Amino acid sequence: QVQLVESGGGLVQTGGSLRLSCAASGRTFSSYPMGWFRQAPGKERDVVATISWSGARTYYADSVKGRFTISRDNAKNRTYLQMYSLKPEDTAVYYCAQGSTPYTFYTSPTGFGSWGQGTQVTVSS
């Protein structure tokens with residue numbers, strides 16, 4: 001069992017930056033892949049970025065590639081999403097998730113079994 005808590009969301013203007021943080025507790029963090037997802041009102045939950053258990057591999061949705069960076073600090077049991085050049089279309093609830101299988105890497109929601117409560121990111125135009 002793992003508990004995930006996101007933080008760092010807020011309201012920013014177009015072009016601004018935010019750094020989201022996900023704190024994990026419970027199940028061992030370092031051996032599991034992590035991911036960030038987002039869901040806008042009336043839309044499906046979409047992948048934003050994922051990172052392998054080791055941090056060696058990352059994946060980014062085309063819509064955020066070059067603007068967002070996913071990272072992890074296993075010593076702190078945390079994963080981060082650094083967001084630059086934010087756009088109104090980035091407005092959504094952002095969720096942190098952990099994969100169900102250790103020592104793996106995923107590029108879609110499939111395989112992510114544990115989810116945080118989400119943190120709201122709003123980008124004004």
Side-chain angles (χ1 to χ4, degrees):
Q1 185 179 23
V2 64
Q3 293 78 47
L4 304 172
V5 180
E6 303 94 335
S7 62
L11 173 64
V12 298
Q13 295 182 352
T14 297
S17 302
L18 283 174
R19 187 194 188 210
L20 306 184
S21 178
C22 174
S25 62
R27 189 171 65 177
T28 301
F29 173 82
S30 61
S31 60
Y32 287 84
M34 301 295 296
W36 285 96
F37 302 80
R38 66 187 182 186
Q39 186 168 25
K43 299 180 68 69
E44 296 182 349
R45 186 174 298 184
D46 294 327
V47 62
V48 176
T50 67
I51 188 167
S52 65
W53 66 274
S54 67
R57 300 181 66 186
T58 57
Y59 168 81
Y60 296 94
D62 289 341
S63 59
V64 307
K65 194 174 300 181
R67 299 187 297 120
F68 292 8
T69 301
I70 188 171
S71 63
R72 65 189 300 161
D73 186 339
N74 288 344
K76 297 181 178 180
N77 288 346
R78 291 184 179 183
T79 187
Y80 306 94
L81 185 69
Q82 179 67 60
M83 305 183 293
Y84 293 104
S85 301
L86 285 162
K87 307 174 181 179
E89 51 263 45
D90 295 319
T91 295
V93 177
Y94 283 70
Y95 297 90
C96 174
Q98 184 182 83
S100 298
T101 304
Y103 308 110
T104 56
F105 173 68
Y106 302 109
T107 60
S108 75
T110 302
F112 289 89
S114 299
W115 299 81
Q117 85 288 349
T119 185
Q120 177 71 47
V121 172
T122 303
V123 185
S124 64
S125 59

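Note that this is a predicted model, so its numbers are computed, not measured.
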Please examine the side chains of F29 and V2, heavy atoms only from C-beta on, and report whether any two atoms are closer than 4.5 Å. no
Can you check whether [Y]'s main-chain N or O pairs, donor with acceptor, with [X]'s side chain at less than 3.5 Å?
X    : Y    : value
R72  : S52  : yes
R67  : S85  : yes
T91  : V123 : yes
T79  : S71  : yes
T119 : E6   : no

Less than 6.0 Å separating the ring centroids of F37 and W115?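 Centroid distance F37-W115: below 6.0 Å, so yes.
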Ring centroid separation F112 to Y106 under 6.0 Å: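 F112 vs Y106: aromatic centres under 6.0 Å.
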For [X] and [Y], work out which heavy atoms get closest and say how close.
X    : Y   : result
G99  : Y32 : O-CD2, 3.1 Å
A24  : L4  : CB-CD2, 3.6 Å
T58  : I51 : CG2-CG1, 3.8 Å
T69  : Y60 : CA-OH, 3.4 Å
V121 : L18 : CG1-CD1, 3.8 Å
A92  : R38 : CB-CB, 3.8 Å

Separation of W53 CH2 from Q98 CD (nearest 0.5 Å): 14.0 Å
Hydrophobic cluster membership, with links at side-chain heavy-atom distances under 4.5 Å among I/L/V/M/F/W/Y: are [X] and [Y] in one?
X   : Y   : answer
Y95 : Y59 : yes
L20 : V47 : no
L86 : L81 : yes
W36 : Y80 : no

Sequence neighbours excluded - disulfide (SG to SG under 2.5 Å) pairs with any residue from residues 12-115: C22-C96
Run the side-chain donor-acceptor check on residues 7-15: report pairs under 3.5 Å with partners two or more places apart or on a different chain.
residue	atom	partner	partner atom	Å
T14	OG1	S124	O	2.7

Are D90 and K87 ion-paired here, with the side-chain N under 4.0 Å from a carboxylate O? no
